[in-house]
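Throughout, numbering of the chain's residues begins at 1 and tracks the sequence. Order of listing sets the numbers, starting from 1, for every ligand and every atom in it. All values below come from the heavy atoms of this structure, side chains included, with hydrogens, waters and symmetry mates left out.
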Amino acid sequence: MLFDTHVHLNAEQFEEDLDEVIVRAQEAGVSNMVCVGFDRPTIKKAIELAESYDFIYACVGWHPVDAIDMTDEDLLWIEELASHPKVVAIGEMGLDYHWDKSPKDIQKEVFRKQIKLAKKVKLPIVIHNREATADIVEILQEEEAAEVGGIMHCFSGSPEVAMECLKMNFYISLGGPVTFKNAKKPKEVAAVVPLEKLLIETDCPYLAPHPYRGKRNEPGYVKLVAEQIAEIKGLSYEEVAGVTTANAKKVFDIN
Ligand SMILES: [Zn+2]
Ligand SMILES: [Zn+2]
């Protein structure tokens, strides 16, 4: 059993063959997944998928790249959706300094608003971080995000930052990059972070693991992430699959 904690099956890349992608995921042993919505159309689609498949859950929030587009109505809508029985987390939210569509101060404001919202509705948060680690850690501390905790999704930071995040009640989620030969940091993080604090994800359709690097990613490939972690930690694949699945059920409060 595998739990893919971060998928975008709501992306247009899956419009043509979604059913086949889901069948392949189940054949690979994926028992659960969380579909992440991050703007109006993808939130709507994530909810639709969660309502259509009992093994798909939804996470709803606003992406930092598009922070400039988020209105007060959007925030209210996310708050309303938080009480939906299949919504298990708020996000993805955070900071992304790679793209400059949204100015940093607006990204920070939208990030803080969503942390406050998650604390109000008592749901964990899913963090997107690109080239913004110091500011992310500072805001999580200032907003006392440890109260709800959550997931550092597709974590690409150092082992030191990973340990800092564990102290703030966050799980570390590893994706395709841990399988890349030249990805030193994710491999170090996989080695250092206790299995009880690790999650696995694909972030599909992005960041496909080796040997599919550069191609469209899909949930079935999360198996390759689990296998890589098992190899790095010197554990069996079954143990990594079982423990990361139990971790995901714990953070998302699923049965
Ligand atoms: Zn992300
Ligand atoms: Zn994502």
Legend entry - Vertex the Zn ion (ligand 1), rays to ND1 in H128 and NE2 in H153 - rounded to 10°: 120°
Inset, instruction - Name all residues meeting the ring pair (Phe, Tyr, Trp, His ring centres under 6.0 Å) criterion together with F38; count only those two or more places apart in sequence or in a different chain, and write none if there are none. - result: H8, H63
Legend entry - the Zn ion (ligand 2) to nearest N/O/S of H6 below 2.8 Å: yes
Legend entry - Quiz item: cation-pi between K104 and Y97, 6.0 Å / 45°: yes
Inset, instruction - Check all N, O or S atoms of D203 and name the one closest to the Zn ion (ligand 2). - result: OD1
Inset, instruction - Please confirm if an N, O or S atom belonging to C154, backbone or side chain, lies less than 2.8 Å from the Zn ion (ligand 1). - result: no
Legend entry - Salt bridge E51-K86, side-chain N to carboxylate O under 4.0 Å: no
Legend entry - Within 45° cone and under 6.0 Å: R213 NZ/CZ vs F180 ring: yes
Legend entry - Short N/O/S contact of E92 with the Zn ion (ligand 1) (below 2.8 Å): yes
Legend entry - Atom CD of E12: over 12 foreign heavy atoms under 6.0 Å: no
